[in-house]
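Atoms within each ligand, like the ligands themselves, are counted from 1 in listed order. Numbers for residues simply follow the sequence, beginning at 1.
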Amino acid sequence: HGDSAVSNNASLETIVQSFQDSMTLGKRHKFWETQPVGQYKDVGDASLTEGPIEPPTPLSEVKQEPYNLPSAYEWTTCDMDSSETCDEVYVLLKNNYVEDDENMFRFNYSKEFLRWALRVPGYYRSWHIGVRAKTSKKLVAFISGVPARIRVNEEVVKMAEINFLCVHKKLRSKRLAPVMIKEVTRRVHLENIWQAAYTAGVVLPTPITTCQYWHRSLNPKKLIDVGFSRLGARMTMSRTIKLYKLPDSPVTPGFRKMELRDVPAVTRLLRNYLSQFVVAPDFDENDVEHWLLPNENVVDSFLVESPGNHEITDFCSFYTLPSSILGNQNYSTLKAAYSYYNVSTKTPLTQLMNDVLIVAKQKDFDVFNALDVMHNESFLKELKFGPGDGQLHYYLYNYRIRNALKPSGLGLVLL
Ligand code: MYA
């Protein structure tokens with residue numbers, strides 16, 4: 001593994017700093033301190049080895065009954081095949097899921113997206129967990145897990161990817177989230193899986209790395225009108241529109257949409273590429289077909305096929321995640337594309353990503369977002385991405401990583 005992926009200093013200092021901050025603020029994590037996750041006090045302790053923090057317990061010792069909820073609420077397993085249930089999850093998230101710091105935007109994952117994200121190869125219905133009010137049956141909270149094989153250095157580990165943790169706005173700060181996390185943990189354990197991966201905008205014990213979002217304006221006028229971005233210093237609207245203008249269609253010869261017949265070649269290309277990162281998914285052809293084959297208004301993938309020998313040399317993809325615009329007279333939705341997995345072996349990555357920006361513009365996206373993971377830093381500035389204010393922290397549950405990671409050591413994108 002390249003040295004560039006491993007740093008013993010930069011992120012370590014950030015973590016030590018946040019530990020010291022939380023100590024002086026007297027901020028404790030009553031729940032997270034009880035969990036098998038990296039604890040702030042362990043940061044930099046060289047005697048701790050890489051791998052599980054605690055060993056699996058015999059399955060017969062895993063608690064058989066669900067955890068107790070406050071008496072007015074009950075557990076429900078959400079069947080995402082049912083369009084009614086899918087709709088309930090969609091509406092809960094649409095109204096109560098993640099907002100930016102200024103409460104101007106809120107993620108609006110589509111129903112089709114939720115189905116794609118949750119019904120993955122080998123998924124467990126029991127990991128799609130809801131909470132209902134007993135009397136009204138209204139869905140008031142949700143958490144989900146999906147199975148994944150994630151490689152950490154040389155080790156491929158079966159994990160749950162945890163996502164879509166959401167508690168209705170009226171039920172916040174009542175310690176419901178820890179109960180939901182314990183319940184999903186229990187149900188993951190029942191499948192003999194003992195590790196998990198997740199991301200969050202909040203700092204918890206302890207990030208494996210902290211990434212930054214970068215944004216590339218495609219429709220600068222709308223982004224400025226809705227307050228997503230601001231007119232730069234000494235810039236006019238017409239100069240700004242000109243700055244972000246893109247060609248009408250991709251320029252790389254052989255650039256085309258991915259098709260089912262490309263799954264084996266894309267799997268080989270991607271596996272080879274991801275092998276250089278410290279943490280990355282271990283994708284097989286089934287996974288690639290699910291996660292990367294184009295799925296309308298959910299995920300888009302393109303590749304470069306050499307005009308001469310029909311070899312697949314490059315690949316790029318993004319997923320569709322709109323946000324509701326809260327309280328704007330003129331616009332209700334921000335159409336955002338999120339960079340997913342990109343591989344370049346022949347076309348320079350910057351050129352490949354410029355082509356994908358062109359496609360996103362053709363498809364009427366307002367903005368293209370990317371994290372500073374993998375090799376993304378190499379094209380962000382040149383392609384006129386600007387740094388966002390949000391940070392995204394990556395976590396592993398019950399797995400310790402020996403060396404601090406930079407975002408560029410991460411080969412994993414969670415939705
Ligand atoms: S990240 C997206 C999270 N969702 C949102 O941000 C949507 C809007 N917010 C909400 O719905 C609520 O504020 C939530 C918290 C539900 C987030 N991850 O019930 P509480 C801790 C982990 O009184 P509420 C995503 O989906 C907090 O530090 N923990 O708080 C990945 C405190 O613990 P401690 C979080 O605000 C989720 C406790 O909860 C998060 O009403 C990965 C307070 O509980 C967070 N995002 O509800 C989950 N936010 O006192 C972990 C707060 O110790 C999975 N908290 O500081 C772990 C692996 C499990 C599987 C393991 C298998 C082996």
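In this structure, of Phe107, Tyr395, Phe164, Trp32, the residue bringing a heavy atom nearest to atom 51 (C) of ligand 1 is Trp32. Nearest residue to atom 11 (O) of ligand 1 from Thr34, Val167, Asn163 is Val167 (criterion: closest heavy atom). Taking all heavy atoms of Arg172, Glu33, Lys182, Gln195 into account, the minimum distance to atom 8 (C) of ligand 1 is reached by Arg172. The option with the heavy atom closest to atom 44 (O) of ligand 1, from among Gly145, Pro178, Pro56, is Pro178.
Nearest protein neighbour of atom 18 (N) of ligand 1, counting heavy atoms only, is Leu204 CD1, 3.6 Å. The nearest protein atom to atom 42 (C) of ligand 1, hydrogens excluded, is given as Tyr198 CD1, 3.5 Å; this is a heavy-atom distance. Of the protein's non-hydrogen atoms, the one nearest atom 32 (C) of ligand 1 is Arg175 NH1, 3.9 Å. In this structure, the protein non-hydrogen atom closest to atom 41 (O) of ligand 1 is Ser173 N, 2.7 Å. The protein heavy-atom contact nearest to atom 3 (C) of ligand 1 is Leu165 O, 3.4 Å. Among protein heavy atoms, the minimum distance from atom 47 (O) of ligand 1 is reached at Ala177 CB, 3.6 Å. Among all protein heavy atoms, the one lying closest to atom 40 (C) of ligand 1 is Val202 CG2, 4.1 Å. Counting protein heavy atoms only, atom 5 (C) of ligand 1 is closest to Val98 CG2, 3.5 Å.
Two rings, from Tyr338 and Phe318, have their centers 6.0 Å or more apart. Remark: aromatic rings of Tyr394 and Tyr198 are distant, center separation not under 6.0 Å. A distance of 6.0 Å or more separates the ring centres of Tyr97 and His168. Ring-centre distance between Phe315 and Tyr341: not below the 6.0 Å cut-off. Aromatic ring centroids of His128 and Phe142 lie 6.0 Å or more apart.
Using modelled atom types, one finds no donor on one side chain facing an acceptor on the other under 3.5 Å when comparing Ser249 with Gln362. Side chains of Asn108 and Tyr90: a donor on one and an acceptor on the other come within 3.5 Å. No side-chain N or O of Thr320 forms a donor-acceptor pair with one of Asn297 less than 3.5 Å apart. Side-chain contact check for Glu54 and Asn398: no donor-acceptor pair (N or O, by modelled atom type) lies under 3.5 Å.
When heavy-atom distances to ligand 1 are checked against a 4.0 Å cut-off, Tyr97 comes that close through both its backbone and its side chain. Contact annotation for Val188 and ligand 1: only side-chain heavy atoms (C-beta onward) come within less than 4.0 Å of the ligand. Neither the backbone nor the side chain of Ile143 comes within contact range of ligand 1; no heavy atom lies under 4.0 Å. Only backbone heavy atoms of Lys174 (N, CA, C or O) come within less than 4.0 Å of ligand 1; its side chain stays farther off.
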Could you walk me through whether His290 and Phe283 satisfy the ring pair (Phe, Tyr, Trp, His ring centres under 6.0 Å) test, starting with their C-alpha distance in whole Å, then the side-chain angles of each, then the deciding distance to 0.1 Å, before giving a yes or no?
CA-CA 10 Å; His290 178 81; Phe283 281 146; 9.9 Å; no

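Remark: ligand 1 atoms within the under-4.0 Å shell around heavy atoms of Trp194 are 63 (C). The ligand atoms of ligand 1 that sit less than 4.0 angstrom from a heavy atom of Lys30 are 34 (P), 50 (O), 53 (O). Residue-ligand proximity, Tyr397 to ligand 1, at heavy-atom distances under 4.0 Å covers atoms 57 (C), 58 (C), 61 (C), 63 (C). If you number the atoms of ligand 1 from 1 as listed, the ones under 4.0 Å from a heavy atom of Thr199 come out as 1 (S), 25 (C), 31 (C). Of all atoms in ligand 1, numbered sequentially from 1 with element shown, those under 4.0 Å from a heavy atom of Leu176 are 19 (O).
Below 3.5 Å of separation, one finds an N or O of Phe31 facing an N or O of ligand 1. At under 3.5 Å, not a single nitrogen or oxygen of Ala196, backbone or side chain, sits near a nitrogen or oxygen of ligand 1. Taking only nitrogen or oxygen atoms, main chain and side chain alike, His29 reaches within less than 3.5 Å of ligand 1. Considering backbone and side-chain N/O of Cys166, none are found under 3.5 Å from N/O of ligand 1.
Cation-pi check for Lys335 over Phe365 is met; the charged atom lies under 6.0 angstrom from the ring centroid and within 45 degrees of its normal. Both cation-pi conditions hold for Lys63 and Tyr67: the charged atom is under 6.0 angstrom from the six-membered ring centre and inside a 45 degree cone around its axis.
Shown here for Asp372 and Pro407, the closest heavy-atom pair between the two residues is O-CB, 3.3 Å. Summarising the geometry of Pro147 relative to Val120, their closest heavy-atom pair is CD-CG2, 3.9 Å, with the distance given to 0.1 Å. Contact between Thr240 and Leu231 at its shortest, heavy atoms only, is OG1-CD1, 3.3 Å.
Here the side chains of Ile181 and Ile143 are in contact, with some heavy-atom distance below 4.5 Å.
For atom 62 (C) of ligand 1, a protein heavy-atom neighbour is present inside the 4.0 Å cut-off. Counting only heavy atoms, the protein never gets under 4.0 Å from atom 14 (C) of ligand 1.
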